[in-house]
There are 2 protein chains.
Amino acid sequence: MTLGWEEIRAEVLRRIRARDWPPGALIPGEEALAEEFGVARATVNRALTALAEAGVLERRKRAGTRVAALPVRRARLEIPVIRLDVLGRGLTYDFRLLADREEAAPVPVTARLGLPEGARLRYLETLHLAGGRPFVLETRWLNPAVLPDPAPDFAAVSANEWLVTHVPLVSGDIAFTAEPASSREAEVMGIAPGTALLVAERTTQGTLGPVTLARLAHAPGHRVTMTF
Amino acid sequence: MTLGWEEIRAEVLRRIRARDWPPGALIPGEEALAEEFGVARATVNRALTALAEAGVLERRKRAGTRVAALPVRRARLEIPVIRLDVLGRGLTYDFRLLADREEAAPVPVTARLGLPEGARLRYLETLHLAGGRPFVLETRWLNPAVLPDPAPDFAAVSANEWLVTHVPLVSGDIAFTAEPASSREAEVMGIAPGTALLVAERTTQGTLGPVTLARLAHAPGHRVTMTF
DNA sequence: TTGGCTAATATGTCTAGACATAATGCAAGT
DNA sequence: ACTTGCATTATGTCTAGACATATTAGCCAA
């Protein structure tokens with residue numbers, strides 16, 4: 001049986017977990033491990049690089065490779081398009097466009113997007129339904145300057161989905177908070193005002209500039225789960 | 001100027017974003033790209049593998065490499081130890097152990113951990129303080145069976161931190177929800193009952209079995225942010 | 001039409017060797 | 001004591017070539 005890089009990764013991980021190589025310890029160099037396992041150095045390198053990307057090892061040239069002392073645990077969140085999220089839960093998906101207008105955006109919005117005060121943005125309000133019941137209330141500010149012409153009819157295609165395929169997105173961030181439902185949210189989602197809602201706020205940057213700021217208010221009981 | 005794999009990754013990404021290679025399209029094979037860029041196939045492979053890991057490309061043997069049609073956007077959450085999180089915000093950190101006892105855990109707890117009903121677990125309640133004010137209320141069930149002997153005094157070392165360095169952790173998951181503050185939470189954190197709280201629920205598995213289930217109720221206004 | 005076999009092919013991985021790069025620590029000079 | 005510079009060293013990356021493996025398309029037979 002010949003060893004592959006994944007097996008070497010597994011063995012290294014086992015030694016770390018078994019405390020053969022305790023947190024903070026310097027582990028043998030690639031050359032030494034390559035000889036021990038009877039593989040080329042590149043194979044060991046592949047394995048160690050993967051572990052470093054996972055945050056288990058810290059590697060520095062000349063200084064060697066050591067076991068992370070306080071391993072920062074990383075969880076990966078996969079953010080699907082809402083439609084697929086709903087379908088993945090075995091529910092039917094539908095949505096309603098509640099508002100679509102262009103107006104001068106409030107200062108907090110322009111500030112978060114890095115646009116000048118008073119910029120005119122497109123405002124969309126979309127209610128996503130799962131199994132016919134309110135799932136997410138999406139309120140979104142779109143920067144019309146970076147949208148391809150012609151922009152579609154967002155009553156027919158959800159902005160959430162259209163953007164992913166039609167605007168080159170570069171980077172963004174997402175923040176989760178818990179907030180009491182506003183009276184508007186309570187009314188639209190059919191819940192009591194003040195109910196605790198999980199809110200995700202997303203900003204997205206494209207190649208041509210800031211694209212959108214979206215606030216997704218999830219129905220009560222919603223869980224956002226990640227694995228690590 | 002000679003090209004490295006990161007530059008090739010950047011160029012491929014540029015072509016994808018420029019719609020030279022639109023979503024769903026098959027891109028040239030490694031061999032062809034290697035020739036075009038004047039590098040070895042392994043270098044192209046390194047670049048494309050990285051992009052595939054990032055979710056931008058989908059690769060299958062024989063079928064070739066194509067641009068992801070609905071790119072799943074992935075955000076990475078780095079979960080630091082609470083102390084470092086607080087210090088990173090420029091606040092002083094402190095904590096108080098409010099409860100520490102062993103008792104038969106409720107069924108939802110044992111079920112989530114995959115332990116038999118009625119298992120006796122150690123229950124810890126810790127209030128984490130940032131700048132002297134309540135930051136996170138942590139309620140944690142610990143599986144004593146997998147803890148090294150002797151377990152430390154959790155009034156002196158936060159369980160949150162001790163576990164990371166003393167128990168080999170393998171995998172786990174984290175879920176965020178928004179919940180109204182219970183009367184206990186309201187009392188301990190000095191807020192009104194029913195206030196919307198961002199709650200993180202974490203389960204962790206170790207090499208020897210399930211380790212812990214922790215519920216972290218964050219003070220109002222708390223944001224969990226990720227970048228992608 | 002259906003099912004299964006086969007050959008072709010693109011990616012996955014490995015090797016052995018080379019040079020690049022960054023960080024460390026020692027030595028020499030101020 | 002303090003800096004500066006250099007040799008050392010571990011990781012980072014690349015090459016050229018090879019074999020492994022998964023998957024598909026096409027073919028053939030039932």
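In what follows, chains carry the letters A, B, and so on, assigned in the order in which the sequence lines appear, proteins first and then strands, with residues in each chain numbered from 1.
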Between D:dT13, D:dT15, C:dG12, which nucleotide gets closest to the side-chain atoms of A:R41? D:dT13

Mind running a 4.0 Å heavy-atom check of residues 12-21 of chain B against DNA chain D and sending the residues that fall below it, in number order? none

For A:I16, which residues count as a side chain to side chain contact (heavy atoms under 4.5 Å, CB included) partner, sequence neighbours excluded? A:V12, A:W21, A:V56, A:L57, A:V67

Nearest listed nucleotide, side chain of A:A40, among C:dA23, C:dA16, C:dT11: C:dA16

Residue met sooner reading DNA chain C from 5', once A:A63 and A:W5 are mapped to nucleotides: A:W5

Give the nucleotide from the list C:dT24, D:dT15, C:dG12 with an atom nearest to the side chain of B:A42. D:dT15

Side-chain N or O of B:N45 closer than 4.0 Å to phosphate OP1/OP2 of C:dG12: yes

Give the rounded distance in Å between these two atoms: CZ of A:R66 and P of D:dT11. 11 Å

Regarding B:T203 and B:D173, do their side chains bring together a donor and an acceptor under 3.5 Å, going by distance alone? yes

Here the distance between atom P of C:dA20 and atom CZ of A:R60, to the nearest Å, is 23 Å

Salt bridge B:E78-A:R76, side-chain N to carboxylate O under 4.0 Å: no

Of all the choices, D:dT13, C:dT11, C:dT15, which nucleotide is nearest to the side chain of B:R46 once you look at every atom? D:dT13

Separation of B:R59 atom CZ from C:dG12 atom C1', in whole Å? 9 Å

Using a strict threshold of under 4.0 Å (side-chain N to carboxylate O), is an ion pair present between B:E30 and B:R41? yes

Taking atom C1' of D:dT21 as reference, at what distance in whole Å does atom CD of A:E6 sit? 13 Å

Ion pair check, B:E53 and B:R59, cut-off under 4.0 Å: no

Would you kindly give the CG-to-P distance between B:L26 and C:dT11, to the nearest whole Å? 8 Å

Would you kindly say whether B:T212 and B:R140 are connected by a side-chain donor-acceptor distance under 3.5 Å? yes

Whole-Å distance between D:dA10 P and A:I27 CD1? 13 Å

Please tabulate the protein-to-nucleotide N/O contacts below 3.5 Å involving nucleotides 4-9 of chain D, giving atom names and distances.
unit_1, atom_1, unit_2, atom_2, d
D:dT8, O2, A:R62, NH1, 2.9

Any salt bridge between B:E161 and B:R83, counting N to O under 4.0 Å? yes

Are B:F176 and A:H222 close enough that their ring centers fall under 6.0 Å? no

Rounded interatomic separation in angstrom, taking CG from A:L48 and C1' from D:dT13: 15 Å

Rounded to whole Å, CD of A:E31 lies from P of C:dA16 at a distance of 12 Å

Is there a side-chain contact between B:T43 and the phosphate of D:dT15, meaning an N or O under 4.0 Å from OP1 or OP2? yes

Closest contact, heavy atoms only, B:G131 versus B:L91: N-CB, 3.8 Å

Among D:dT15, C:dT11, D:dT13, which nucleotide sits nearest the side chain of B:T65? C:dT11

I'd like to know if the side chain of B:T177 pairs up with that of A:R223 as donor and acceptor (distance under 3.5 Å, no hydrogens or angles considered). no

